[in-house]
Student: 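Let me give you the structure first, and then I'll get to my questions.
Quick note: numbers below take in every heavy atom, side chains included, and nothing from hydrogens, waters or symmetry partners. Order of the sequence lines fixes the chain letters, A, B, ..., with proteins taken first and strands second; residue numbering starts at 1 for each chain.
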Number of protein chains: 2
Amino acid sequence: MPSVQLKNPLEALEPLFAKGERELYRDREVVYYPGVASDSVFYIETGHVKISYLDTSGKRLVLALRGPGDLVGEGALMGEERRRHLVQTLGDTLLVRLDRELVVSWLRRHPEASSYLLRWLHEKIVELEELLVDLAFRDIQSRLSRKLLQLSQEFGVRTEDGVLIGCRLTHKDLAEMIASARENTTLALNRLEQEGIVDKGRYRIVVKNEESLKRKCQVG
Amino acid sequence: MPSVQLKNPLEALEPLFAKGERELYRDREVVYYPGVASDSVFYIETGHVKISYLDTSGKRLVLALRGPGDLVGEGALMGEERRRHLVQTLGDTLLVRLDRELVVSWLRRHPEASSYLLRWLHEKIVELEELLVDLAFRDIQSRLSRKLLQLSQEFGVRTEDGVLIGCRLTHKDLAEMIASARENTTLALNRLEQEGIVDKGRYRIVVKNEESLKRKCQVG
DNA sequence: GGATCACCTCCTTTCTAGGGAGCAACCCTT
DNA sequence: AAGGGTTGCTCCCTAGAAAGGAGGTGATCC
């Protein structure tokens, strides 16, 4: 285990990312479908991806968004045979495709790197558990507030009005992230706008008052 | 990565488990509380533990059950400072406490072991995602059926009547595993009993007809 | 430039799953 | 024998899913 804390646990893997093949995806393009062979990992250079689970009924749940400096498709390194998710870009996105064997052999040659990967994976577990707890205990208003807060902290861009969430999200995307109906998500978002807490436009959400938003999270 | 698939990804760590301190816990005893220092990992020799998240409102969500051959408290290895969960035993349980530093230094000396740990962690992620999807899409009847199926597969003991779920679970425990009210869980369980799919008694559930149970899972 | 089309956003109404409260009965433990 | 924990049952009521439109907006085509 590292004695020094790194900002991003994956920094230790940087040299590896240079070895991959860079691929440009357009907005909403599919990176992989569920069921296809799980044989590579992607490093996100710029842009964002949305990882979702497709239900048999056609409904979706967005399990995570990932942005620059993050990995996606890591299951390929951990015994996953076929993809379990649908991964799509949000906005134009530059990925580095890393073949599984390449990563595995690199990891063998750099044994200290595994511990960083473990930490990173643990972070993902914490995020999943947070979502789980939200689903179990909070109502839509509160789930949306928490999600907006997370998004502004992870992908936020400071502007004069507040923190702009830096990825191209529709209300449907948001709804699928908090497991609610699109209509109710719109409603909740409008309420937040009326209260002057957020500002919104097409594909655009600005958190104007972070403190009020935090207060909203407790209520539900 | 291993070229041969092991049944239990943790088999590779067996030699490590001999180095720990064995501790006997009685039924329902607390192994650790949320907030305490996260400085050791536990290996389960016999018995079961319940990992739950405590909400500020006093409600609980059971994130996982773990049984013999499994680990609990693994966050200690991955940068977690304080425990995030409440861990309690179900029935009398024998744990092996492993100091964090002990495990970390062992892992450094056995670099090939990390990949097994990664695989194990990935399994846990898959389980969390399954729970998440259930919460998002399925109703109580279906969530309960899936959970019983999982439990019977993971902790089941063959008997003449069917598969007995081998841990001391109350209806409240079950309810907290599928994020529903205790009353509704009892109701759903009674329905399954009336249909002849399960058999139950105090702390005791026997899955009589696995096939019917599987059919129940699809419906919701 | 204007028309078209696909998607996105907004709003309302209806209907139901299931949370919550409140008890009664039961049974194991001490 | 008492008491705490577990189970069974009922009723009420709210959150929110589902359906069904109507207007907006941006891209693309002519």
Side-chain angles (χ1 to χ4, degrees), chain A residues 26-29 50 55 57-61 88 90-92 133-145 147 165 167-194 198-206 216 219-220, chain B residues 26-29 50 55 57-61 88-92 134-145 147 165 167-194 198-206 216 219-220:
Chain A
R26 321 214 110 259
D27 184 34
R28 299 268 151 182
E29 208 173 327
K50 173 175 95 169
D55 191 55
S57 65
K59 284 184 290 190
R60 290 178 193 204
L61 178 69
Q88 285 172 282
L90 298 174
D92 298 349
V133 165
D134 276 9
L135 275 204
F137 299 134
R138 323 240 172 268
D139 64 7
I140 288 188
Q141 195 67 216
S142 169
R143 295 213 294 276
L144 179 64
S145 304
K147 189 55 74 176
I165 291 173
C167 33
R168 275 188 121 240
L169 286 173
T170 67
H171 292 187
K172 187 140 181 287
D173 289 327
L174 269 178
E176 288 166 354
M177 296 176 76
I178 61 173
S180 86
R182 206 267 311 151
E183 289 82 346
N184 297 317
T185 306
T186 297
L187 243 47
L189 201 54
N190 289 347
R191 252 190 307 266
L192 288 180
E193 187 179 39
Q194 272 158 33
V198 306
D199 212 2
K200 67 188 172 51
R202 209 162 222 246
Y203 298 107
R204 216 183 105 273
I205 298 174
V206 179
K216 287 276 162 194
V219 192
Chain B
R26 323 215 107 259
D27 184 33
R28 299 267 151 183
E29 209 172 327
K50 173 175 94 169
D55 191 56
S57 66
K59 284 184 289 189
R60 288 176 194 205
L61 178 69
Q88 285 173 282
T89 58
L90 298 174
D92 298 349
D134 276 9
L135 276 203
F137 298 134
R138 322 241 173 266
D139 63 8
I140 289 188
Q141 195 66 219
S142 170
R143 295 213 293 277
L144 179 65
S145 304
K147 190 53 76 178
I165 291 174
C167 33
R168 275 188 120 240
L169 285 173
T170 68
H171 291 188
K172 187 142 181 287
D173 289 328
L174 270 179
E176 288 166 354
M177 295 175 75
I178 62 173
S180 85
R182 203 269 308 157
E183 292 81 344
N184 297 317
T185 306
T186 298
L187 244 45
L189 200 53
N190 290 347
R191 254 194 301 271
L192 288 180
E193 187 180 38
Q194 272 159 33
V198 307
D199 213 1
K200 67 188 173 48
R202 212 164 218 245
Y203 299 106
R204 218 184 103 272
I205 298 173
V206 180
K216 286 275 163 195
V219 192

Student: Strictly below 4.0 Å: does A:Asn190 bring a side-chain N or O up to OP1 or OP2 of C:dT9?
Tutor: no

Student: Could you tell me how far apart A:Asp27 (CG) and D:dT28 (P) are, to the nearest whole angstrom?
Tutor: 12 Å

Student: Would you say the base of D:dG8 and the side-chain of B:Arg182 have a donor-acceptor pair closer than 3.5 Å?
Tutor: yes

Student: Answer yes if the side chains of B:His171 and B:Thr186 hold a donor-acceptor pair under 3.5 Å, and no otherwise.
Tutor: yes

Student: In whole angstroms, how far is the C1' atom of D:dA15 from the CD1 atom of B:Ile140?
Tutor: 14 Å

Student: At under 4.0 Å, does any side-chain N or O of B:Lys200 touch on OP1 or OP2 of D:dG8?
Tutor: yes

Student: Assuming nearest nucleotide by heavy-atom distance, tell me which of B:Arg204 and A:Ala179 is located more 5' along DNA chain D.
Tutor: B:Arg204

Student: Ignoring hydrogens and geometry beyond distance, is the side chain of B:Asn184 in donor-acceptor contact with the base of C:dG18 at under 3.5 Å?
Tutor: no

Student: Please report, rounded to the nearest Å, how far the P atom of D:dA15 is from the CG atom of A:Leu144.
Tutor: 17 Å

Student: Please report, rounded to the nearest Å, how far the C1' atom of D:dT6 is from the CG atom of B:Leu187.
Tutor: 16 Å

Student: What is the distance, rounded to the nearest whole Å, between atom CD of B:Gln88 and atom P of D:dG5?
Tutor: 13 Å

Student: Using a strict 4.0 Å threshold on nitrogen-to-oxygen distance, state whether B:Arg138 and A:Asp55 make a salt bridge.
Tutor: yes

Student: B:Glu183 side chain: which of C:dG22, D:dG20, D:dT6 is closest?
Tutor: C:dG22

Student: Whole angstrom is fine here: how far is it from OH in A:Tyr203 over to P in D:dG26?
Tutor: 10 Å

Student: Tell me: CZ of B:Arg138 to C1' of C:dG18, nearest whole Å?
Tutor: 18 Å

Student: Apply the side chain to side chain contact (heavy atoms under 4.5 Å, CB included) test between A:Lys200 and each candidate in A:Leu192, A:Asn190, A:Val206; give the one that qualifies.
Tutor: A:Asn190

Student: From the list D:dG16, D:dG8, C:dG19, which nucleotide is the closest neighbour of the side chain of B:Ser180?
Tutor: C:dG19

Student: Which heavy atom in B:Arg143 sits nearest to a heavy atom in B:Leu135, and how many Å separate them?
Tutor: NE-CD2, 3.6 Å

Student: Measure from the side chain of B:Arg202, starting at C-beta and using heavy atoms only, and say which of C:dC11, C:dG20, C:dC27 lies closest.
Tutor: C:dC27

Student: Please determine whether a side-chain nitrogen of the Lys or Arg among A:Asp173 and A:Arg28 lies less than 4.0 Å from a carboxylate oxygen of the Asp or Glu.
Tutor: yes

Student: Within less than 4.0 Å of OP1 or OP2 of D:dG8, is there a side-chain N or O belonging to B:Lys172?
Tutor: no

Student: Please report the distance, rounded to the nearest Å, between CZ in B:Arg168 and P in D:dT6.
Tutor: 8 Å

